[in-house]
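Below is one structure, written out as structure tokens, with a few remarks after it.
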2 protein chains.
Amino acid sequence: MGSDFQIQMNEFLPLRDVVFNTLRQAILTGELKPGERLMEIHLANKLGVSRTPIREAIRKLELEGLVTMIPRRGAEVAQITEKSMSDVLEVRRAVDALCVELACERISEEELEALKTACDNFEDAVNSGDVKKIAQADVALHDIIVRATGNQRLVQLVNTLSEQMYRYRFEYIKDVSQHRSLVEEHRVIYESILKKDKATASDAAKLHIDNQEKTIIKQIRLEREKR
Amino acid sequence: MGSDFQIQMNEFLPLRDVVFNTLRQAILTGELKPGERLMEIHLANKLGVSRTPIREAIRKLELEGLVTMIPRRGAEVAQITEKSMSDVLEVRRAVDALCVELACERISEEELEALKTACDNFEDAVNSGDVKKIAQADVALHDIIVRATGNQRLVQLVNTLSEQMYRYRFEYIKDVSQHRSLVEEHRVIYESILKKDKATASDAAKLHIDNQEKTIIKQIRLEREKR
DNA sequence: AGTACAATCTTTGTATACAAAAAACAAAAA
DNA sequence: TTTTTGTTTTTTGTATACAAAGATTGTACT
């Protein structure tokens with residue numbers, strides 16, 4: 001056993017991008033833990049490539065905030081603190097509100113249809129109780145909204161911010177007591193986008209983030225206690 | 001003559017970071033023009049380093065959206081289109097609104113004092129008519145607000161977004177007819193932060209961006225006509 | 001036993017080497 | 001003249017080499 005993230009060679013990408021994706025995935029899933037050092041030769045051997053693509057991947061992870069550089073010491077996986085997470089969530093609250101507002105203006109008929117389906121799928125997933133399935137349905141739903149804004153920069157920004165929360169995505173889903181309100185919140189968002197009611201949509205989106213924040217911060221405090 | 005961005009060796013940073021800063025500056029000031037190819041050996045010779053730090057710098061510029069990678073062809077300076085710019089401005093409108101709202105909640109007495117001074121300085125700069133001085137005073141003022149949010153992630157985001165607008169920062173200042181309203185807008189923002197009046201502050205910030213947007217989009221259309 | 005110091009081993013930062021893909025160019029055929 | 005094809009050149013993608021900074025370990029000395 002032991003942590004065994006492997007490179008998937010099926011891609012036809014430069015190695016640096018393959019490495020970048022592999023390392024990012026490993027960090028997001030927690031396979032590489034915060035504070036863990038990213039040693040180039042070690043990673044190069046593990047992934048069967050030279051140091052060059054490893055380094056270039058690390059440069060990108062650095063800019064993305066997923067790793068921290070320590071001068072003359074190299075890279076390590078960035079620490080997640082309560083402060084850094086609430087900073088992220090604070091930004092996301094505003095950005096998600098913007099997303100639904102723009103969606104009100106610009107969503108197409110097809111996208112509205114897809115959003116309705118995504119809402120139903122989410123409800124089904126919740127009823128099934130399968131955490132993984134719920135998380136997936138949740139992502140799909142939000143993805144439709146973000147893309148409906150037609151703003152590429154916004155799509156990218158939401159992705160980057162989501163990334164930081166990725167490790168905690170199951171926590172707020174595991175809490176079964178919240179399930180009904182999650183379904184309800186999604187419903188409200190869908191309905192208000194349908195009615196082009198920006199104010200309600202925006203409030204619902206913010207509430208949605210607030211609820212996630214509570215769970216995530218609780219989780220971080222729990223993790224800290226353990227140490 | 002010819003474009004001569006030189007590396008500044010005074011720094012005590014890894015070469016990749018020096019190169020990164022140098023290239024970014026060159027792109028932002030327009031010394032490297034959109035569409036221009038970034039050839040590694042060429043840049044390496046010009047800056048007197050090897051290809052390695054150049055490549056690592058390019059990886060970061062790539063993630064920042066300042067350069068575009070073309071497979072097996074290398075990097076080129078990202079094109080600025082009307083769409084990409086209005087995408088940026090759309091996000092900035094929301095983000096700047098968030099900044100002033102958070103500033104209302106969290107600004108310290110010292111920062112409020114500094115903000116007042118920055119407002120006065122801006123007015124002085126406008127009266128002097130010196131475009132460079134005005135731009136500087138403008139940046140200083142907004143910097144105080146953003147930092148007053150105490151949100152590191154937000155500071156970084158605003159910087160990245162500002163970067164995209166950097167090339168046009170003079171345009172909306174050159175338009176003398178707007179000067180009085182710029183001073184007035186800053187005044188309103190200051191007053192409303194002082195009174196913790198989020199709604200007014202937020203509206204003023206949005207208006208501020210709207211005005212910039214008009215000028216910038218006009219400028220982009222002008223540039224396109226020329227071609 | 002504990003501390004200081006030297007030798008060694010790691011690991012990064014930077015440069016260079018080499019192969020393969022793409023572009024540019026030239027020559028030959030239609 | 002135009003098109004096609006083969007060759008050369010350029011440029012990227014990846015690997016490796018080497019030096020310098022840091023960490024570690026072991027040993028001598030107090």
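Values below: all heavy atoms of this structure, side chains included; hydrogens, waters and symmetry mates excluded. Lettering follows sequence order; numbering is per chain, from 1.
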task: Take the protein atom CD1 of B:Ile54 and the nucleotide atom C1' of C:dA15, then report the distance between them rounded to whole Å.
output: 12 Å
message: When you compare the side chain of A:Gln164 with that of A:Leu66, does any pair of heavy atoms fall below 4.5 Å?
response: yes
Partner set under ring pair (Phe, Tyr, Trp, His ring centres under 6.0 Å) for B:Phe122, not counting sequence neighbours: B:His186
Pairwise N/O distances under 3.5 Å, protein to nucleotides 5-8 of chain C:
none

task: In whole angstrom, give the distance that lies between atom CG of B:Asp17 and atom P of C:dT12.
output: 16 Å
- request: Would you mind checking if A:Lys214 and A:Asp210 are paired as a salt bridge, meaning a charged N to carboxylate O distance below 4.0 Å?
  value: no
- request: Measure the distance from CD on B:Glu56 to P on D:dT14 and round it to the nearest whole Å.
  value: 14 Å
Short N/O separations, protein against nucleotides 9-12 of chain D, under 3.5 angstrom:
from	atom 1	to	atom 2	distance (Å)
D:dT12	OP2	B:Glu40	N	3.4

task: Kindly write out the residues that satisfy side-chain contact (heavy atoms from CB on, under 4.5 Å) with B:Ala78, not counting sequence neighbours, or none if the list is empty.
output: B:Thr68
- prompt: With a 4.5 Å heavy-atom cut-off, do B:Val67 and B:Glu76 have their side chains touching?
  reply: no
- prompt: So, B:Gln25 versus B:Thr22: side-chain donor-acceptor pair below 3.5 Å or not?
  reply: no
query: Is there a side-chain polar atom (N or O) of B:Ser50 under 4.0 Å from OP1 or OP2 of C:dT14?
result: no
Residues in side-chain contact (heavy atoms from CB on, under 4.5 Å) contact with A:Glu113, at least two apart in sequence or another chain: none
- line: Any strand, both distances under 3.5 Å, Watson-Crick or G-U wobble: C:dA30 pairs with D:dT1
task: Measure the distance from CG on A:Leu43 to P on C:dT10 and round it to the nearest whole Å.
output: 17 Å
side-chain contact (heavy atoms from CB on, under 4.5 Å) involving A:Thr117 - partner list, sequence neighbours excluded: A:Asn121
task: Take atom CG of B:Leu15 and atom P of D:dA19, then tell me their distance rounded to the nearest Å.
output: 17 Å
